[in-house]
Every structure is written in C-alpha cells, then in structure tokens.
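These numbers come from the heavy atoms of this one structure, side chains and all, not from hydrogens, waters or symmetry mates. Computed from a predicted model, the values in this text were never measured in an experiment.
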Amino acid sequence: MRVICLRYIVVTGGVMSGLGKGITAASIGRLLMNKGYRVTAIKIDPYINIDAGLMSPFQHGEVYVLKDGGEVDLDLGNYERFLDIELTRDHNITTGKVYSTVIEKERRGEYLGKTVQIIPHITDEIKRRIRQVSRTGGSEICLIEVGGTVGDIESMPFLEAMRQLKYEESGNIFFVHVTLAPMTSDGEQKTKPTQHSVKEMRELGLQPDMIVVRCKKPLLPETKAKIAHFCDVPIEAVISGHDSDDIYRVPLQLEAEGLTRYIMKAMRLFPLEERRDWYDLVQRMDAVREKVSMALVGKYTSGSQCTDPMKDAYLSIREALKHAGIEAGAMPEISWIDAEDLERLQPERVLKDFDGILVPGGFGVRGTEGKMNAIRYAREKGIPYLGICFGMQLAVIEFARNVCGLEGASSTEFGETPHPVIALLPEQEKVRQMGATMRLGNYPAHLLEGTLAHRIYGTTEIVERHRHRYEVNPAYIEILEKRGLLFSGRNGDLMEIMEIPGHPFFFACQFHPEMRSRPGRPSPPFLAFVEAMKAQRLRRAGSTCTLELTA
C-alpha cells in the first residue's frame with residue numbers, strides 16, 4: 001500500500017481573463033496522472049453567485065452539471081474530461097458559498113461573540129473546504145484553479161487563503177502563474193505584462209514557482225531568459241503556452257516544454273508508471289481523415305452559420321462530438337445555425353446539405369419555432385437527428401402538431417396551450433426559488449429491448465445527467481405512440497428517450513449525454529449519431545452518383 005503526502009498545485013492567472021488557466025490546470029493534472037498519480041481538481045470562482053445555475057450562457061458559457069446535481073463552471077467539465085474523474089458540487093468553491101456558510105455559522109452563534117472578519121473567518125472557511133475536498137477519494141495531488149486574475153477585488157480573500165496555505169503546507173504546495181506575452185506587429189514578444197502581473201502577485205505575499213506564458217508562437221529563448229530574470233524563477237520554470245489547434249494537444253506541448261519534469265522534481269515526486277493513453281488518443285485524432293457535416297440549431301450562436309458558438313455555450317456538445325468522431329473515424333464539421341433564422345428562411349435552403357441535425361438543450365420560447373422547423377425537416381427528409389433535453393421536448397411538440405394533428409400543442413413553459421404535451425414536473429409546481437431546484441444530476445432510465453436506444457447503449461439500464469423542469473405529459477403518451485412515436489427509455493412515469501422507428505436515425509433524450517462523454521470513451525448517443533451521419537453521407541453520395549449517371 002502506497003502512502004503519498006498530499007500535494008497542492010495552485011494555478012493563478014494574470015494580465016487578463018480567458019487565458020486558459022482551466023486547460024493549463026487540466027493538462028498539468030493529466031500529465032501527473034500519466035506518471036501514475038491520483039489527481040483531483042477544485043475550481044474557485046470569485047463571483048458572489050452560489051453556483052453557475054442562473055448565469056446566462058451568453059456571458060458565462062455553458063452550465064456544466066455534475067453527478068450530484070451541482071451546476072458549475074464549464075472548467076469542471078474540462079477537468080472531468082481530461083482527468084476521467086467525476087467531481088461533485090464541493091469541487092466548485094464560490095464567494096457565495098463561502099460567505100453563506102460563514103453567515104450561517106455566525107447566526108448559530110458558532111463564533112462565540114467574536115467579530116466575524118474576512119481574516120481569519122472567511123479565509124479559514126476557504127481552506128477548510130479545500131482540505132475537505134482534497135482529502136476525500138484518495139487523491140494524491142489536488143489542483144486548485146483560482147478564477148479571475150491577480151488584482152481583482154473579488155479574488156483577494158481567496159489569494160490570501162492561498163498565501164496562508166503556502167506556509168501551512170510548506171514543501172507540499174506549488175504555484176503556477178499563467179500570464180500573457182503579446183506579440184507586436186514585427187514579431188517581438190513583450191514581457192512587461194508578465195512582469196507586472198508577478199509584481200502584483202508578490203505584493204500579495206505570493207511568488208510563483210512556475211510561469212506558463214500564453215503566446216501565439218513558442219517563446220523565444222531570449223524571452224524566457226528575460227522573464228526568468230525579472231520574475232525570479234529558473235529558466236526551466238518558464239513554460240511556453242503557445243497556441244494549439246486543439247486543446248487535447250496542450251498536455252503534449254507542456255510535456256515537451258519540460259513542465260512535468262520540473263514540477264515532479266520540485267515536489268519530490270517520482271514516476272509510478274508511464275501511461276501512453278493520452279498520446280495514443282491524439283494520434284488517433286490526427287489519423288481521422290473522413291468528415292461529416294452537421295447543423296447545430298441553437299440560440300446561443302452568433303450569426304446564421306458561424307464557425308464557433310458564442311461564449312462556449314455548447315462546449316460539452318462540441319467535445320462529445322469530437323470524442324465520437326475519433327472513435328467513428330469521421331470528424332463532425334459543425335455549422336452553428338441560429339434558430340431564429342429558420343423562422344424566416346425555408347429549412348430546405350439552410351439545411352439541405354447537412355448529414356445530420358442536432359438541437360441542444362435550452363430554455364424559453366425564443367427560437368423554438370425555428371428549432372421545430374429544423375426537427376420537422378429532419379423527420380420528413382430522413383436526416384439523422386439528435387435532440388438533447390429541450391431538443392427532445394420540441395421534437396415531441398412537433399410530432400404532436402404535425403403527425404397527431406393536435407393543433408396548438410406546446411409546452412406550459414411557453415404559456416397557455418390547448419394541448420400541453422410538455423408540462424411542468426409535478427415536484428416543480430410549488431417551487432418558487434429558481435436556483436438549484438431543477439431535476440439535476442444523475443438519474444437512471446430503463447430501456448426497452450429491441451429499440452434503437454437499446455442497440456445504442458447495449459443494455460437496458462443506464463444512468464445519465466439531467467437538467468430540466470419540464471417533461472412529457474403522461475396524458476398524451478398513448479396518442480403519440482399510436483401515431484408512430486416510441487418512448488424507448490423511461491424512469492417510472494418520466495419519458496427519458498424518444499425515437500421514431502423506421503427513420504434512419506431519430507433519437508432524442510431528456511438528459512444530457514454529452515456531460516458523461518470522455519476522450520476514448522464517447523457518449524453512446526453521440527457515437528451512434530456520428531455513425532448515422534456517416535451512413536447518410538454515403539446515401540447522399542450514392543444519390544449524387546445516380547443523378548450523374550442518369551444525366
């Protein structure tokens with residue numbers, strides 16, 4: 001039995017937000033896992049919100065859901081994917097959580113009449129949460145990403161807690177600072193932003209042990225030497241974090257820079273094994289040559305057919321498609337279609353050249369008619385369709401209206417309707433608070449044998465992650481199924497999966513399978529969707545050849 005003293009690696013950021021602290025931290029964790037260590041991760045978000053559940057995807061990116069129902073920052077999704085672990089809501093520490101706990105303790109009289117202050121009470125609570133999480137589950141290394149940048153007012157209590165932790169865990173804690181080296185038009189890499197960021201960090205009582213410098217091109221030797229000289233770190237501890245065309249290459253780039261070797265030496269660690277699975281994954285990704293084209297019809301996009309979603313609103317879906325593409329040997333090329341465009345344009349004009357259509361989760365009435373136009377087009381034209389959460393609800397509404405003849409069928413989320421085929425979950429009817437009150441986290445489902453769902457999963461019992469308030473109304477199940485829709489996955493009276501037998505691929509689920517997809521272990525629905533798009537591309541190619549021969 002091995003006994004390894006717990007190590008902490010704290011990742012901070014300077015100069016500006018959005019530099020990639022999360023990917024840097026996740027990559028460090030992956031590299032240490034490759035050496036045989038058990039790694040966990042904590043994300044500190046200095047905002048006052050209790051969690052990310054009520055934040056707009058336009059501003060904050062997707063809300064990632066953990067197995068216990070925690071609604072968290074999308075960086076925790078990257079941690080789960082890179083480290084192949086399952087985290088809980090306790091792995092996300094926010095200002096709101098910390099202050100709520102301290103105030104509750106004060107109200108209960110736990111401070112025995114003391115004046116409650118940021119130091120020591122708030123900082124003690126931060127450290128308590130970090131230690132509690134890091135010491136459960138048998139982890140040997142705990143990554144701590146401090147959100148925001150050094151110098152932010154809201155980050156101050158957390159950075160002070162890190163300063164205290166530095167001395168309390170002396171010898172077992174390592175600080176990585178992520179900064180920026182902008183490049184001038186003549187190709188010069190500027191170091192002043194990094195120097196000023198480290199200077200500000202020192203004023204808080206913190207000195208980085210390593211500096212990862214984000215830059216467009218690899219850091220030049222003279223740039224590394226200058227940063228090492230002015231920031232008081234060895235030149236080996238100045239790591240080039242230059243741009244990569246894929247986040248899964250970042251661990252390999254950092255490894256080539258000597259990051260793993262330096263951290264392990266500084267923290268008195270030695271290799272326990274040499275895992276090659278991540279290297280093999282990247283090689284398999286590079287070997288994929290075939291492509292399939294798909295339309296993602298959502299409302300958190302920026303433009304009719306943009307190349308990227310706005311603010312990473314659909315990050316986990318994009319990654320799940322990549323995982324499936326690697327496994328299927330065909331990488332999806334995603335066009336991000338604004339749902340509102342399909343309310344004024346003919347679907348044929350926008351969607352005719354795609355091998356598949358995906359409608360993701362969401363809330364609210366805006367864009368719903370456009371999404372249903374896309375769903376109807378996929379259903380009638382035999383185009384592979386994958387609907388997720390809201391994408392399943394809208395598929396049911398579309399089927400009720402256009403196949404079952406239920407005029408005005410809709411969801412009670414949108415207001416009064418003569419046919420509420422989608423309705424509020426019974427347990428939600430008396431809920432008044434919005435935060436953390438949805439059906440959240442892992443729930444099981446039973447799959448009917450012989451169905452598409454059963455073939456996709458290869459079992460009759462599954463567990464997937466959920467985030468919703470509305471469900472298929474049981475009163476309409478009989479009429480829907482009589483007209484050809486099949487609910488092939490259920491949890492008691494809750495419909496979890498719908499499909500249309502006879503269609504090449506029409507699969508929609510109430511849960512979010514993208515949140516359990518992993519590199520090397522793709523989500524079964526996403527893998528099946530990509531395989532269906534490959535088949536659709538072959539059908540289209542065959543049709544084109546026939547037309548050419550006829551001509």
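Panel note: side chain R89, backbone L66; no donor-acceptor pair is recorded below 3.5 Å. One N or O on the side chain of Q189 and one on the backbone of P218 form a donor-acceptor pair closer than 3.5 Å. Under the 3.5 Å distance criterion, the side-chain polar atoms of R518 are left unmatched by any main-chain donor or acceptor of A320. For the pair R38 (side chain) and G138 (backbone), a donor-acceptor distance under 3.5 Å is present. Between the side chain of H91 and the backbone N or O of T88 there is at least one donor-acceptor pair closer than 3.5 Å. A donor-acceptor pair under 3.5 Å is absent between the side-chain atoms of K67 and the main chain of E464, judged by distance alone.
Closest non-hydrogen pair, R537 versus V292, comes out as CZ-CA, 4.2 Å. When all heavy atoms of A328 and V530 are compared, the closest pair comes out as CB-CG1, 3.7 Å. When all heavy atoms of R81 and S517 are compared, the pair lying nearest together is CG-O, 3.8 Å. Scanning all heavy atoms of the two residues, the minimum distance from G96 to S100 falls at O-OG, 2.8 Å.
Ion pairing between a basic and an acidic side chain is recognised when a charged N comes within 4.0 Å of a carboxylate O; E140 and R7 show no such pairing. Classification of D84 and R521 as a salt-bridged pair holds, one side-chain N sitting under 4.0 Å from a carboxylate O. A salt bridge does not link K265 to E236: none of the charged side-chain nitrogens sits closer than 4.0 Å to a carboxylate oxygen. At a threshold of 4.0 Å, the pair R202-E200 does not count as salt-bridged, since none of the basic side-chain nitrogens sits closer than that to a carboxylate oxygen. The pair D124-R128 does not count as a salt bridge, with every side-chain nitrogen at least 4.0 angstrom from each carboxylate oxygen.
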Verdict with supporting geometry, N78 and I247, side-chain contact (heavy atoms from CB on, under 4.5 Å): CA-CA 10 Å; N78 285 324; I247 60 172; 4.3 Å; yes

ring-ring contact (aromatic ring centres under 6.0 Å, His included) between F529 and Y385, intermediate numbers included: CA-CA 8 Å; F529 180 51; Y385 173 73; 8.0 Å; no

I'd like to know whether I144 forms a side-chain contact (heavy atoms from CB on, under 4.5 Å) with C142, so could you lay out the CA-CA distance, the side-chain angles of the two residues, the decisive distance to 0.1 Å, and finally the verdict. CA-CA 6 Å; I144 306 168; C142 178; 4.1 Å; yes

side-chain hydrogen bond (donor to acceptor under 3.5 Å, both in side chains) between E125 and Y99, worked out: CA-CA 9 Å; E125 175 60 20; Y99 275 76; over 6 Å; no

Show your working on side-chain contact (heavy atoms from CB on, under 4.5 Å) between V176 and V10 and close with a plain yes or no. CA-CA 6 Å; V176 178; V10 180; over 6 Å; no

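The closest side-chain donor-acceptor pair between E71 and Y64, if any, does not fall under 3.5 angstrom. Checking E496 against Y443 by side-chain atom types alone, no donor-acceptor pair falls below 3.5 Å. Inspection of the H323 and Y248 side chains reveals an N or O donor paired with an N or O acceptor under 3.5 Å. A donor-acceptor contact closer than 3.5 angstrom links the side chains of E160 and Q164. In summary, the side chains of T194 and T179 do present a donor paired with an acceptor at a separation below 3.5 Å, with no hydrogens or angles considered. Between T460 and H454, the side chains place no donor N or O within less than 3.5 Å of an acceptor N or O (distance only, hydrogens not considered). Using modelled atom types, one finds no donor on one side chain facing an acceptor on the other under 3.5 Å when comparing S293 with E333. Checking T94 against D45 by side-chain atom types alone, no donor-acceptor pair falls below 3.5 Å.
Partner of S316 under the side-chain hydrogen bond (donor to acceptor under 3.5 Å, both in side chains) criterion, out of E62, R516, R465: E62 alone. Of the residues I28, L143, I9, I85, the one that meets the side chain to side chain contact (heavy atoms under 4.5 Å, CB included) test with V39 is L143.
Within 6.0 Å of atom NZ in K190, 12 or fewer heavy atoms from other residues, nucleotides or ligands are found, so the atom counts as exposed in its surroundings. Under a cut-off of 6.0 angstrom, the local environment of CD1 in I48 is sparse, with at most 12 non-hydrogen atoms contributed by other residues, nucleotides or ligands.
Ring pair H466/F511 is perpendicular by interplanar angle, where above 60° counts as perpendicular and below 30° as parallel.
R318 forms no cation-pi arrangement with Y314, by the criterion of a distance under 6.0 Å to the ring centre and an angle within 45° of the ring axis.
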